[in-house]
Protein chains: 2
Amino acid sequence: MFSLAEENYLKAIYHLESKTQGAVSTNAIADAMATKPSSVTDMVQKLADKKVLSYIKYKGTSLTDKGKKTAANVIRKHRLWEVFLVEKLNFHWDEVHDIAEQLEHVHSTELIARLDKFLGFPDFDPHGDPIPDKHGNIKPTEKKLLSELNKNQKGVCVGVKESNSDFLQYLDKKHITIGTKISVLGKEFFDGSMVIQVGRDQFFISKKIAENLYMQTN
Amino acid sequence: MFSLAEENYLKAIYHLESKTQGAVSTNAIADAMATKPSSVTDMVQKLADKKVLSYIKYKGTSLTDKGKKTAANVIRKHRLWEVFLVEKLNFHWDEVHDIAEQLEHVHSTELIARLDKFLGFPDFDPHGDPIPDKHGNIKPTEKKLLSELNKNQKGVCVGVKESNSDFLQYLDKKHITIGTKISVLGKEFFDGSMVIQVGRDQFFISKKIAENLYMQTN
DNA sequence: TATAATTTTTAGATAAGGCTAAAAATAAAA
DNA sequence: TTTTATTTTTAGCCTTATCTAAAAATTATA
Ligand SMILES: [Mn+2]
Ligand SMILES: [Mn+2]
Ligand SMILES: [Mn+2]
Ligand SMILES: [Mn+2]
(Lines give C-alpha, C1' and ligand atoms only; values in the text may rest on other atoms or scores of the structure.)
(Ligands and ions follow the chains in the order given, each with its own letter.)
Protein backbone atom coordinates (compact mmCIF):
# COMPACT_ATOMS: atom_id res chain seq x y z
CA MET A 1 0.00 0.00 0.00
CA PHE A 2 1.34 3.41 -0.90
CA SER A 3 0.77 6.75 0.76
CA LEU A 4 -0.90 9.67 -0.96
CA ALA A 5 2.48 11.34 -1.45
CA GLU A 6 4.04 8.18 -2.86
CA GLU A 7 1.16 7.66 -5.27
CA ASN A 8 1.50 11.22 -6.52
CA TYR A 9 5.21 10.79 -7.15
CA LEU A 10 4.65 7.53 -9.03
CA LYS A 11 1.97 9.14 -11.15
CA ALA A 12 4.15 12.14 -11.97
CA ILE A 13 7.15 9.97 -12.90
CA TYR A 14 4.91 7.74 -15.03
CA HIS A 15 3.68 10.75 -17.00
CA LEU A 16 7.20 12.15 -17.36
CA GLU A 17 8.52 8.82 -18.63
CA SER A 18 5.85 8.72 -21.31
CA LYS A 19 6.79 12.20 -22.48
CA THR A 20 10.56 11.78 -22.69
CA GLN A 21 13.01 8.98 -23.38
CA GLY A 22 15.47 7.67 -20.82
CA ALA A 23 15.62 8.19 -17.07
CA VAL A 24 13.62 10.99 -15.49
CA SER A 25 15.66 13.77 -13.87
CA THR A 26 15.20 14.96 -10.32
CA ASN A 27 14.53 18.51 -11.46
CA ALA A 28 11.87 17.36 -13.91
CA ILE A 29 10.02 15.60 -11.11
CA ALA A 30 10.38 18.62 -8.84
CA ASP A 31 8.95 20.87 -11.57
CA ALA A 32 6.04 18.54 -12.27
CA MET A 33 5.16 18.27 -8.60
CA ALA A 34 5.80 21.91 -7.67
CA THR A 35 8.22 20.83 -4.98
CA LYS A 36 11.96 21.15 -4.33
CA PRO A 37 14.65 18.90 -5.83
CA SER A 38 15.88 17.98 -2.37
CA SER A 39 12.44 16.65 -1.45
CA VAL A 40 12.40 14.64 -4.66
CA THR A 41 15.74 13.04 -3.86
CA ASP A 42 14.44 11.94 -0.46
CA MET A 43 11.27 10.43 -1.86
CA VAL A 44 12.96 8.80 -4.81
CA GLN A 45 15.38 7.05 -2.49
CA LYS A 46 12.49 5.77 -0.43
CA LEU A 47 10.63 4.55 -3.52
CA ALA A 48 13.77 2.80 -4.74
CA ASP A 49 13.90 0.92 -1.44
CA LYS A 50 10.31 -0.13 -2.09
CA LYS A 51 11.33 -1.48 -5.53
CA VAL A 52 8.91 0.65 -7.51
CA LEU A 53 11.67 2.50 -9.31
CA SER A 54 15.37 2.25 -9.99
CA TYR A 55 17.47 5.21 -9.03
CA ILE A 56 21.10 5.98 -9.77
CA LYS A 57 22.62 8.98 -8.05
CA TYR A 58 22.92 11.95 -10.38
CA LYS A 59 21.56 9.83 -13.24
CA GLY A 60 17.82 9.93 -12.62
CA THR A 61 15.09 7.35 -12.07
CA SER A 62 12.87 5.02 -14.02
CA LEU A 63 9.88 3.03 -12.85
CA THR A 64 10.07 -0.74 -12.45
CA ASP A 65 7.23 -2.88 -13.74
CA LYS A 66 5.74 -2.79 -10.27
CA GLY A 67 6.03 1.00 -10.23
CA LYS A 68 4.43 1.33 -13.67
CA LYS A 69 1.55 -0.88 -12.65
CA THR A 70 0.98 1.03 -9.44
CA ALA A 71 1.07 4.37 -11.24
CA ALA A 72 -1.27 3.16 -13.97
CA ASN A 73 -3.69 2.00 -11.33
CA VAL A 74 -3.80 5.45 -9.73
CA ILE A 75 -4.36 6.96 -13.19
CA ARG A 76 -7.11 4.39 -13.81
CA LYS A 77 -8.86 5.50 -10.63
CA HIS A 78 -8.43 9.18 -11.47
CA ARG A 79 -9.95 8.80 -14.91
CA LEU A 80 -12.81 6.55 -13.81
CA TRP A 81 -13.77 9.09 -11.16
CA GLU A 82 -13.62 11.84 -13.78
CA VAL A 83 -16.07 9.86 -15.91
CA PHE A 84 -18.32 9.48 -12.89
CA LEU A 85 -18.22 13.17 -12.11
CA VAL A 86 -19.09 14.18 -15.67
CA GLU A 87 -21.49 11.40 -16.66
CA LYS A 88 -23.35 10.91 -13.40
CA LEU A 89 -22.98 14.13 -11.43
CA ASN A 90 -23.12 16.40 -14.48
CA PHE A 91 -19.94 18.26 -13.74
CA HIS A 92 -18.37 20.15 -16.60
CA TRP A 93 -15.17 18.64 -18.01
CA ASP A 94 -13.12 21.58 -16.75
CA GLU A 95 -14.23 21.11 -13.13
CA VAL A 96 -13.40 17.51 -12.41
CA HIS A 97 -9.62 17.26 -12.20
CA ASP A 98 -9.08 18.58 -8.66
CA ILE A 99 -11.82 16.42 -7.20
CA ALA A 100 -10.45 13.35 -9.01
CA GLU A 101 -7.01 14.20 -7.57
CA GLN A 102 -8.52 13.45 -4.17
CA LEU A 103 -10.75 10.52 -5.12
CA GLU A 104 -7.90 8.68 -6.85
CA HIS A 105 -6.31 8.01 -3.47
CA VAL A 106 -9.25 6.08 -2.00
CA HIS A 107 -8.07 2.51 -1.53
CA SER A 108 -10.51 -0.25 -2.48
CA THR A 109 -10.15 -2.48 -5.50
CA GLU A 110 -13.75 -3.60 -5.10
CA LEU A 111 -14.91 0.03 -5.22
CA ILE A 112 -13.12 0.65 -8.50
CA ALA A 113 -14.33 -2.62 -10.01
CA ARG A 114 -17.92 -1.69 -9.22
CA LEU A 115 -17.51 1.92 -10.30
CA ASP A 116 -16.09 0.69 -13.62
CA LYS A 117 -19.14 -1.53 -14.11
CA PHE A 118 -21.55 1.22 -13.03
CA LEU A 119 -20.03 3.50 -15.66
CA GLY A 120 -20.31 0.84 -18.36
CA PHE A 121 -16.59 0.03 -18.57
CA PRO A 122 -15.55 3.27 -20.27
CA ASP A 123 -12.39 3.32 -22.39
CA PHE A 124 -11.71 7.06 -22.19
CA ASP A 125 -12.07 9.82 -19.63
CA PRO A 126 -13.90 13.11 -20.30
CA HIS A 127 -10.74 14.63 -21.78
CA GLY A 128 -10.22 11.76 -24.21
CA ASP A 129 -7.44 10.14 -22.19
CA PRO A 130 -7.44 6.33 -22.19
CA ILE A 131 -8.37 4.50 -18.98
CA PRO A 132 -5.85 1.77 -18.11
CA ASP A 133 -7.37 -1.66 -17.45
CA LYS A 134 -7.06 -3.30 -14.03
CA HIS A 135 -3.66 -4.70 -14.99
CA GLY A 136 -2.35 -1.26 -15.86
CA ASN A 137 -2.41 -1.78 -19.62
CA ILE A 138 -3.48 0.98 -21.98
CA LYS A 139 -4.65 0.03 -25.43
CA PRO A 140 -2.68 2.07 -27.95
CA THR A 141 -4.70 4.51 -30.05
CA GLU A 142 -3.66 6.14 -33.27
CA LYS A 143 -4.24 9.80 -32.67
CA LYS A 144 -2.38 12.84 -33.89
CA LEU A 145 -2.37 16.51 -33.01
CA LEU A 146 -4.59 18.81 -35.04
CA SER A 147 -1.43 20.81 -35.76
CA GLU A 148 -0.09 17.82 -37.69
CA LEU A 149 -3.00 17.86 -40.14
CA ASN A 150 -2.69 19.72 -43.43
CA LYS A 151 -5.10 21.73 -45.54
CA ASN A 152 -8.21 19.79 -46.57
CA GLN A 153 -7.62 17.02 -44.06
CA LYS A 154 -10.32 16.32 -41.53
CA GLY A 155 -10.94 14.18 -38.50
CA VAL A 156 -12.69 13.76 -35.19
CA CYS A 157 -11.47 15.34 -31.97
CA VAL A 158 -10.63 12.49 -29.60
CA GLY A 159 -8.85 14.28 -26.78
CA VAL A 160 -7.12 17.31 -25.39
CA LYS A 161 -3.45 17.49 -24.48
CA GLU A 162 -3.67 20.25 -21.90
CA SER A 163 -6.83 20.26 -19.88
CA ASN A 164 -6.76 23.48 -17.90
CA SER A 165 -9.98 25.39 -17.45
CA ASP A 166 -9.14 28.30 -19.76
CA PHE A 167 -8.48 25.98 -22.67
CA LEU A 168 -11.52 23.80 -22.07
CA GLN A 169 -13.76 26.84 -21.78
CA TYR A 170 -12.36 28.18 -25.06
CA LEU A 171 -13.28 24.86 -26.68
CA ASP A 172 -16.80 25.09 -25.30
CA LYS A 173 -17.18 28.59 -26.72
CA LYS A 174 -16.19 27.21 -30.11
CA HIS A 175 -18.43 24.15 -29.69
CA ILE A 176 -15.50 21.74 -29.82
CA THR A 177 -15.71 18.66 -27.62
CA ILE A 178 -14.76 14.97 -27.77
CA GLY A 179 -16.38 13.61 -30.94
CA THR A 180 -16.55 16.91 -32.82
CA LYS A 181 -15.69 16.74 -36.55
CA ILE A 182 -13.08 19.31 -37.60
CA SER A 183 -11.86 20.13 -41.12
CA VAL A 184 -8.72 22.10 -41.90
CA LEU A 185 -9.66 24.73 -44.48
CA GLY A 186 -6.35 26.56 -44.41
CA LYS A 187 -2.97 26.40 -42.74
CA GLU A 188 -0.40 29.16 -42.48
CA PHE A 189 3.05 27.64 -42.46
CA PHE A 190 4.66 30.81 -41.11
CA ASP A 191 3.04 30.60 -37.64
CA GLY A 192 1.18 27.30 -37.75
CA SER A 193 -2.20 28.99 -37.47
CA MET A 194 -5.21 27.45 -39.16
CA VAL A 195 -8.69 28.17 -40.41
CA ILE A 196 -10.94 25.28 -39.48
CA GLN A 197 -14.55 24.28 -39.91
CA VAL A 198 -16.58 23.10 -36.95
CA GLY A 199 -20.20 22.37 -37.83
CA ARG A 200 -21.30 25.35 -39.90
CA ASP A 201 -18.76 27.70 -38.31
CA GLN A 202 -15.44 28.58 -39.87
CA PHE A 203 -12.84 30.35 -37.77
CA PHE A 204 -9.19 31.01 -37.13
CA ILE A 205 -7.18 29.13 -34.48
CA SER A 206 -3.59 29.66 -33.34
CA LYS A 207 -0.87 27.02 -33.47
CA LYS A 208 -1.11 26.71 -29.68
CA ILE A 209 -4.73 25.59 -29.92
CA ALA A 210 -3.95 23.14 -32.74
CA GLU A 211 -1.12 21.63 -30.71
CA ASN A 212 -3.44 20.76 -27.85
CA LEU A 213 -6.19 18.93 -29.72
CA TYR A 214 -5.86 15.23 -30.47
CA MET A 215 -7.52 14.07 -33.70
CA GLN A 216 -8.37 10.75 -35.25
CA THR A 217 -8.33 10.71 -39.04
CA ASN A 218 -9.86 7.79 -40.89
CA MET B 1 -10.17 23.52 6.20
CA PHE B 2 -9.43 20.62 8.54
CA SER B 3 -7.00 17.75 8.14
CA LEU B 4 -8.10 14.14 7.98
CA ALA B 5 -6.97 13.60 11.57
CA GLU B 6 -8.79 16.70 12.80
CA GLU B 7 -11.99 15.69 11.03
CA ASN B 8 -11.85 12.25 12.61
CA TYR B 9 -11.42 13.73 16.08
CA LEU B 10 -14.35 16.10 15.57
CA LYS B 11 -16.53 13.25 14.36
CA ALA B 12 -15.63 11.04 17.31
CA ILE B 13 -16.25 13.81 19.84
CA TYR B 14 -19.57 14.63 18.16
CA HIS B 15 -20.73 11.03 18.51
CA LEU B 16 -19.52 10.83 22.11
CA GLU B 17 -21.34 14.03 23.03
CA SER B 18 -24.60 12.64 21.66
CA LYS B 19 -24.21 9.49 23.77
CA THR B 20 -23.39 11.10 27.09
CA GLN B 21 -24.20 14.30 28.92
CA GLY B 22 -21.59 16.90 29.84
CA ALA B 23 -18.02 17.31 28.65
CA VAL B 24 -16.28 14.44 26.87
CA SER B 25 -13.31 12.94 28.69
CA THR B 26 -9.87 12.49 27.20
CA ASN B 27 -9.93 8.75 27.82
CA ALA B 28 -13.30 8.38 26.13
CA ILE B 29 -11.93 10.01 23.01
CA ALA B 30 -8.80 7.87 23.14
CA ASP B 31 -10.94 4.73 23.41
CA ALA B 32 -13.21 5.74 20.56
CA MET B 33 -10.28 6.52 18.31
CA ALA B 34 -8.06 3.63 19.35
CA THR B 35 -5.29 6.02 20.24
CA LYS B 36 -3.44 7.12 23.39
CA PRO B 37 -4.74 9.72 25.86
CA SER B 38 -1.58 11.76 25.42
CA SER B 39 -2.23 12.02 21.70
CA VAL B 40 -5.78 13.14 22.44
CA THR B 41 -4.57 15.89 24.75
CA ASP B 42 -2.28 17.24 22.03
CA MET B 43 -4.98 17.26 19.39
CA VAL B 44 -7.65 18.64 21.67
CA GLN B 45 -5.42 21.58 22.55
CA LYS B 46 -4.86 22.27 18.89
CA LEU B 47 -8.58 22.06 18.13
CA ALA B 48 -9.32 24.43 21.02
CA ASP B 49 -6.93 26.95 19.42
CA LYS B 50 -8.96 26.58 16.24
CA LYS B 51 -12.16 27.38 18.15
CA VAL B 52 -13.98 24.18 17.25
CA LEU B 53 -14.12 22.99 20.83
CA SER B 54 -13.70 24.28 24.34
CA TYR B 55 -11.24 22.48 26.53
CA ILE B 56 -10.54 22.80 30.23
CA LYS B 57 -7.54 20.92 31.59
CA TYR B 58 -8.56 17.76 33.44
CA LYS B 59 -12.24 18.62 32.85
CA GLY B 60 -12.79 17.45 29.29
CA THR B 61 -13.97 19.03 26.05
CA SER B 62 -17.17 20.00 24.29
CA LEU B 63 -17.67 21.10 20.71
CA THR B 64 -18.49 24.70 19.88
CA ASP B 65 -21.22 25.44 17.34
CA LYS B 66 -18.53 25.66 14.70
CA GLY B 67 -17.16 22.28 15.79
CA LYS B 68 -20.61 20.68 15.76
CA LYS B 69 -21.29 21.99 12.29
CA THR B 70 -17.96 20.77 10.98
CA ALA B 71 -18.45 17.33 12.51
CA ALA B 72 -22.00 17.05 11.20
CA ASN B 73 -20.74 17.90 7.74
CA VAL B 74 -18.22 15.06 7.81
CA ILE B 75 -20.96 12.72 9.00
CA ARG B 76 -23.21 14.01 6.19
CA LYS B 77 -20.55 13.14 3.65
CA HIS B 78 -19.96 9.72 5.20
CA ARG B 79 -23.62 8.80 5.08
CA LEU B 80 -24.26 10.17 1.60
CA TRP B 81 -21.34 8.13 0.27
CA GLU B 82 -22.74 5.05 2.05
CA VAL B 83 -26.04 5.58 0.24
CA PHE B 84 -24.16 5.88 -3.03
CA LEU B 85 -22.22 2.68 -2.42
CA VAL B 86 -25.33 0.68 -1.59
CA GLU B 87 -27.88 2.22 -3.97
CA LYS B 88 -25.68 2.79 -7.01
CA LEU B 89 -22.76 0.40 -6.73
CA ASN B 90 -24.78 -2.42 -5.14
CA PHE B 91 -22.54 -2.91 -2.16
CA HIS B 92 -24.01 -4.75 0.77
CA TRP B 93 -24.77 -2.63 3.85
CA ASP B 94 -22.05 -4.36 5.85
CA GLU B 95 -19.31 -3.50 3.34
CA VAL B 96 -19.59 0.24 2.98
CA HIS B 97 -18.31 1.76 6.21
CA ASP B 98 -14.55 1.53 5.63
CA ILE B 99 -14.79 2.94 2.13
CA ALA B 100 -17.00 5.79 3.37
CA GLU B 101 -14.39 6.48 6.07
CA GLN B 102 -12.06 7.44 3.24
CA LEU B 103 -14.55 9.17 0.95
CA GLU B 104 -15.84 11.39 3.77
CA HIS B 105 -12.55 13.32 3.72
CA VAL B 106 -12.77 14.44 0.10
CA HIS B 107 -13.16 18.20 0.16
CA SER B 108 -15.66 19.72 -2.28
CA THR B 109 -18.98 21.19 -1.30
CA GLU B 110 -20.09 21.13 -4.93
CA LEU B 111 -19.36 17.39 -5.10
CA ILE B 112 -21.55 16.67 -2.09
CA ALA B 113 -24.34 18.94 -3.32
CA ARG B 114 -24.41 17.07 -6.63
CA LEU B 115 -24.06 13.66 -5.02
CA ASP B 116 -27.01 14.51 -2.74
CA LYS B 117 -29.12 15.43 -5.77
CA PHE B 118 -27.97 12.35 -7.72
CA LEU B 119 -29.12 10.16 -4.83
CA GLY B 120 -32.50 11.91 -4.63
CA PHE B 121 -31.81 13.83 -1.41
CA PRO B 122 -31.94 10.83 0.91
CA ASP B 123 -32.84 11.34 4.58
CA PHE B 124 -31.24 8.19 5.95
CA ASP B 125 -28.15 6.11 5.25
CA PRO B 126 -28.24 2.33 4.63
CA HIS B 127 -28.10 1.66 8.37
CA GLY B 128 -31.05 3.92 9.12
CA ASP B 129 -28.92 6.78 10.45
CA PRO B 130 -30.17 10.27 9.59
CA ILE B 131 -28.19 12.36 7.10
CA PRO B 132 -27.55 15.89 8.39
CA ASP B 133 -28.53 18.70 6.00
CA LYS B 134 -25.92 21.07 4.58
CA HIS B 135 -26.22 23.26 7.68
CA GLY B 136 -25.47 20.34 9.96
CA ASN B 137 -29.02 19.95 11.23
CA ILE B 138 -30.54 16.53 11.83
CA LYS B 139 -34.29 16.25 11.92
CA PRO B 140 -35.27 14.49 15.13
CA THR B 141 -36.95 11.12 14.73
CA GLU B 142 -38.96 9.26 17.31
CA LYS B 143 -37.38 5.86 17.37
CA LYS B 144 -36.89 3.42 20.21
CA LEU B 145 -34.89 0.26 20.70
CA LEU B 146 -36.64 -3.03 20.05
CA SER B 147 -35.64 -3.98 23.60
CA GLU B 148 -37.91 -1.23 24.89
CA LEU B 149 -40.99 -2.76 23.29
CA ASN B 150 -43.22 -5.10 25.27
CA LYS B 151 -45.19 -8.22 24.43
CA ASN B 152 -47.72 -7.69 21.62
CA GLN B 153 -46.20 -4.41 20.54
CA LYS B 154 -45.03 -4.07 16.96
CA GLY B 155 -43.21 -1.64 14.73
CA VAL B 156 -40.96 -1.12 11.78
CA CYS B 157 -37.19 -1.46 11.92
CA VAL B 158 -35.75 1.96 11.09
CA GLY B 159 -32.10 1.53 11.96
CA VAL B 160 -29.32 -0.37 13.64
CA LYS B 161 -27.30 0.89 16.59
CA GLU B 162 -24.16 -1.14 16.00
CA SER B 163 -23.34 -1.77 12.39
CA ASN B 164 -20.49 -4.24 12.41
CA SER B 165 -20.45 -6.96 9.79
CA ASP B 166 -21.31 -9.86 12.10
CA PHE B 167 -24.47 -8.16 13.31
CA LEU B 168 -25.57 -7.04 9.86
CA GLN B 169 -25.02 -10.51 8.45
CA TYR B 170 -27.07 -12.00 11.29
CA LEU B 171 -29.88 -9.63 10.37
CA ASP B 172 -29.68 -10.69 6.73
CA LYS B 173 -29.93 -14.32 7.73
CA LYS B 174 -33.10 -13.48 9.66
CA HIS B 175 -34.42 -11.31 6.81
CA ILE B 176 -34.40 -8.18 8.91
CA THR B 177 -33.53 -4.94 7.17
CA ILE B 178 -34.57 -1.28 7.25
CA GLY B 179 -38.35 -1.25 6.75
CA THR B 180 -39.00 -4.76 8.09
CA LYS B 181 -42.10 -5.15 10.29
CA ILE B 182 -41.39 -6.85 13.61
CA SER B 183 -43.87 -7.99 16.26
CA VAL B 184 -42.95 -8.93 19.82
CA LEU B 185 -44.67 -12.23 20.60
CA GLY B 186 -42.98 -12.79 23.93
CA LYS B 187 -40.49 -11.16 26.24
CA GLU B 188 -38.52 -12.77 29.07
CA PHE B 189 -37.91 -10.23 31.79
CA PHE B 190 -35.18 -12.29 33.39
CA ASP B 191 -32.67 -11.91 30.51
CA GLY B 192 -34.45 -9.52 28.17
CA SER B 193 -34.69 -12.12 25.42
CA MET B 194 -37.64 -12.08 23.05
CA VAL B 195 -39.61 -14.16 20.61
CA ILE B 196 -40.43 -12.05 17.60
CA GLN B 197 -42.28 -12.41 14.33
CA VAL B 198 -40.66 -11.36 11.08
CA GLY B 199 -42.81 -12.07 8.05
CA ARG B 200 -44.03 -15.62 8.54
CA ASP B 201 -41.04 -16.59 10.70
CA GLN B 202 -41.09 -16.64 14.47
CA PHE B 203 -37.85 -16.94 16.37
CA PHE B 204 -35.92 -16.20 19.53
CA ILE B 205 -33.53 -13.23 19.84
CA SER B 206 -31.24 -12.28 22.70
CA LYS B 207 -31.36 -8.98 24.57
CA LYS B 208 -28.18 -7.94 22.80
CA ILE B 209 -29.88 -8.16 19.42
CA ALA B 210 -32.96 -6.31 20.67
CA GLU B 211 -30.75 -3.52 22.05
CA ASN B 212 -29.22 -2.86 18.65
CA LEU B 213 -32.36 -2.50 16.54
CA TYR B 214 -34.14 0.83 16.30
CA MET B 215 -37.90 0.65 15.83
CA GLN B 216 -40.63 3.06 14.93
CA THR B 217 -44.01 2.28 16.48
CA ASN B 218 -47.13 4.01 15.23
C1' DT C 1 -8.56 13.18 56.02
C1' DA C 2 -4.68 10.70 54.53
C1' DT C 3 -3.58 7.25 51.19
C1' DA C 4 -4.21 4.75 47.03
C1' DA C 5 -5.94 4.36 42.40
C1' DT C 6 -7.21 6.47 38.25
C1' DT C 7 -7.16 9.98 34.89
C1' DT C 8 -4.89 13.43 32.48
C1' DT C 9 -1.04 16.13 31.14
C1' DT C 10 3.81 17.00 30.05
C1' DA C 11 8.35 15.82 28.30
C1' DG C 12 10.92 13.75 25.06
C1' DA C 13 11.19 10.58 20.70
C1' DT C 14 9.97 9.01 16.22
C1' DA C 15 8.42 8.85 11.31
C1' DA C 16 6.64 11.06 7.11
C1' DG C 17 7.06 14.74 4.19
C1' DG C 18 8.60 19.04 3.27
C1' DC C 19 12.03 23.25 3.25
C1' DT C 20 16.68 26.08 3.04
C1' DA C 21 21.50 26.39 2.60
C1' DA C 22 25.73 24.33 1.60
C1' DA C 23 28.47 20.70 -0.61
C1' DA C 24 29.39 17.60 -4.35
C1' DA C 25 28.95 15.94 -8.98
C1' DT C 26 28.08 16.73 -13.74
C1' DA C 27 27.67 19.54 -17.85
C1' DA C 28 28.78 23.66 -20.48
C1' DA C 29 31.84 27.35 -21.80
C1' DA C 30 36.06 29.53 -22.37
C1' DT D 1 41.61 21.46 -20.35
C1' DT D 2 40.56 24.64 -16.93
C1' DT D 3 36.90 27.43 -15.31
C1' DT D 4 32.10 28.38 -14.75
C1' DA D 5 27.33 27.15 -14.51
C1' DT D 6 23.87 23.85 -13.58
C1' DT D 7 22.08 19.87 -11.46
C1' DT D 8 21.76 16.92 -7.69
C1' DT D 9 22.61 15.47 -3.13
C1' DT D 10 23.46 16.05 1.78
C1' DA D 11 22.89 18.18 6.26
C1' DG D 12 20.07 20.22 9.32
C1' DC D 13 15.58 22.09 10.63
C1' DC D 14 10.32 22.30 10.72
C1' DT D 15 5.40 20.56 11.16
C1' DT D 16 1.93 17.05 11.92
C1' DA D 17 0.55 13.18 14.22
C1' DT D 18 1.81 9.61 16.76
C1' DC D 19 4.04 7.03 20.81
C1' DT D 20 6.19 5.85 25.79
C1' DA D 21 7.43 7.11 30.30
C1' DA D 22 7.09 10.15 33.99
C1' DA D 23 4.76 13.83 36.52
C1' DA D 24 0.66 16.11 38.11
C1' DA D 25 -4.16 16.45 39.16
C1' DT D 26 -8.37 14.36 40.36
C1' DT D 27 -11.23 10.79 42.31
C1' DA D 28 -11.99 6.88 45.21
C1' DT D 29 -10.99 4.26 49.37
C1' DA D 30 -9.73 3.29 53.83
MN1 LIG E 1 -7.51 14.87 -14.45
MN1 LIG F 1 -8.61 13.53 -17.43
MN1 LIG G 1 -20.46 4.13 8.47
MN1 LIG H 1 -23.90 4.33 8.33
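The figures that follow rest on heavy atoms only: side chains count, while hydrogens, waters and symmetry mates do not. Chain A is the first sequence line, chain B the second, and so forth, proteins listed ahead of strands; every chain is numbered from 1.
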Going by salt bridge (charged side-chain N to carboxylate O under 4.0 Å, His left out), name the residues that satisfy it together with [X], two or more places apart in sequence or in a different chain.
X       : value
K50(A)  : E6(A)
D116(A) : R76(A)
D123(A) : K139(A)

Rounded to whole angstrom units, what separation is found between the [atom1] atom of [X] and the [atom2] atom of [N]?
X      : N       : atom1 : atom2 : value
E6(A)  : dG18(C) : CD    : C1'   : 14 Å
L47(A) : dG18(C) : CG    : P     : 11 Å
M43(B) : dT15(D) : CE    : C1'   : 12 Å

Query - Residues which pass ring pair (Phe, Tyr, Trp, His ring centres under 6.0 Å) with Y9(B), listed by chain and number, not counting sequence neighbours - result: none

Query raised in the report: H105(A): what forms a ring pair (Phe, Tyr, Trp, His ring centres under 6.0 Å) with it, not counting sequence neighbours?
Result: none

**Report entry** Within the 6.0 Å centroid threshold, strictly below: H97(B) and H78(B)
**Finding:** yes

Report task. Classify every nucleotide of nucleotides 7-14 of chain C by which part a protein heavy atom approaches to under 4.0 Å, writing B for the base, S for the sugar-phosphate alone and - for neither, in 5'-to-3' order. Result -> SBBB----

Query - side-chain hydrogen bond (donor to acceptor under 3.5 Å, both in side chains) partners of D191(A), counting only residues at least two apart - result: S193(A)

Report task. Scan residues 91-101 of chain A for pairs that pass salt bridge (Lys or Arg N to Asp or Glu O under 4.0 Å), counting only residues two or more places apart or in two chains. Result -> K11(A)-E101(A)

Query raised in the report: Got a sec? Which of residues 17-24 of chain B come in under 4.0 Å of DNA chain C, heavy atoms?
Result: none

Requested in this report: Report the residue (K36(A) or L4(A)) whose heavy-atom-nearest nucleotide on DNA chain C is the more 5′ of the two.
Outcome: L4(A)

Report task. Indicate whether OP1 or OP2 belonging to dT16(D) is found under 4.0 Å from a side-chain N or O atom of S3(B). Result -> no

